[in-house]
Amino acid sequence: MPIKAVTCHVAVCDVCGTHYGSDRADECAVHSTTHEAVVEAVRNDSEWLVTTDGRVICLLGDPDHQEALDALLPPAPAAVCDGQTALDI
């Protein structure tokens with residue numbers, strides 16, 4: 001029986017290190033032989049996010065994950081009302 005090396009691609013959360021498809025950071029449940037296939041699997045999961053710059057984030061509801069998601073958003077626009085006088089303090 002021949003033995004061959006196979007490259008395995010696994011998505012890992014950039015915030016907490018959890019492997020895609022597992023409940024723990026030290027467990028690998030979902031893997032693929034191509035980068036594109038694992039990215040596609042993560043994109044199809046509503047509990048994970050692949051950013052435009054290639055980061056992978058699981059959507060746990062803790063402060064660290066919320067901070068990472070908030071960093072992806074543009075800054076809030078300044079509230080300006082017609083006729084409002086600017087206060088330079």
Side-chain angles (χ1 to χ4, degrees):
M1 168 171 44
I3 297 174
K4 65 179 183 175
V6 177
T7 300
C8 175
H9 297 264
V10 178
V12 179
C13 178
D14 284 337
V15 177
C16 67
T18 297
H19 293 88
Y20 176 69
S22 69
D23 294 328
R24 300 186 325 259
D26 64 344
E27 176 183 67
C28 176
V30 176
H31 59 279
S32 179
T33 56
T34 67
H35 178 269
E36 294 78 15
V38 77
V39 167
E40 189 64 28
V42 173
R43 282 192 177 140
N44 290 330
D45 190 325
S46 63
E47 295 184 15
W48 284 72
L49 173 70
V50 179
T51 66
T52 56
D53 63 352
R55 295 180 62 206
V56 177
I57 301 172
C58 68
L59 299 179
L60 290 178
D62 68 355
D64 291 337
H65 286 82
Q66 188 59 52
E67 182 179 332
L69 294 174
D70 290 345
L72 298 173
L73 298 174
V80 178
C81 299
D82 290 336
Q84 179 180 3
T85 302
L87 298 176
D88 295 326
I89 299 177

| Can you name the salt bridge (charged side-chain N to carboxylate O under 4.0 Å, His left out) partners of D45, sequence neighbours left out? |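 Counting only residues at least two positions away or on another chain, D45 forms no salt bridge (charged side-chain N to carboxylate O under 4.0 Å, His left out).
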| said: Would a single hydrophobic cluster contain both L72 and V50, if residues Ile, Leu, Val, Met, Phe, Trp and Tyr are joined by side-chain heavy-atom contacts under 4.5 Å? | reply: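 Unlinked, V50 and L72 end up in two clusters.
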| request: State, to 0.1 Å, how close C16 and C13 come at their nearest heavy-atom pair, and which atoms those are. | output: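 So the minimum-distance heavy-atom pair works out to N-SG, 3.5 Å.
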| Pairs in or reaching into residues 34-58: which pass ring-ring contact (aromatic ring centres under 6.0 Å, His included), with residues at least two apart or in two chains? |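 As it turns out, the ring-ring contact (aromatic ring centres under 6.0 Å, His included) pairs with a partner in residues 34-58, which skip direct neighbours, are Y20-W48.
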Indicate every side-chain donor-acceptor pair of residues 57-68 with a distance under 3.5 Å to a residue at least two apart or in another chain.
from	atom 1	to	atom 2	distance (Å)
D62	OD1	H65	N	3.0
D62	OD1	H65	ND1	2.5
D62	OD2	H65	ND1	3.4
Q66	NE2	D70	OD1	2.8

| query | If you look only at pairs with a residue in residues 3-21, which of them pass as a salt bridge (Lys or Arg N to Asp or Glu O under 4.0 Å), with sequence neighbours excluded? | reply |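 The answer is D14-R55.
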Show me the donor-acceptor pairs, under 3.5 Å and distance only, between side chains in residues 36-44 and residues at least two apart or in other chains.
from	atom 1	to	atom 2	distance (Å)
N44	ND2	E40	O	3.1

| request: Could you check T7 against T33 for side-chain contact (heavy atoms from CB on, under 4.5 Å), going step by step and ending with a plain yes or no? | output: CA-CA 6 Å; T7 300; T33 56; over 6 Å; no
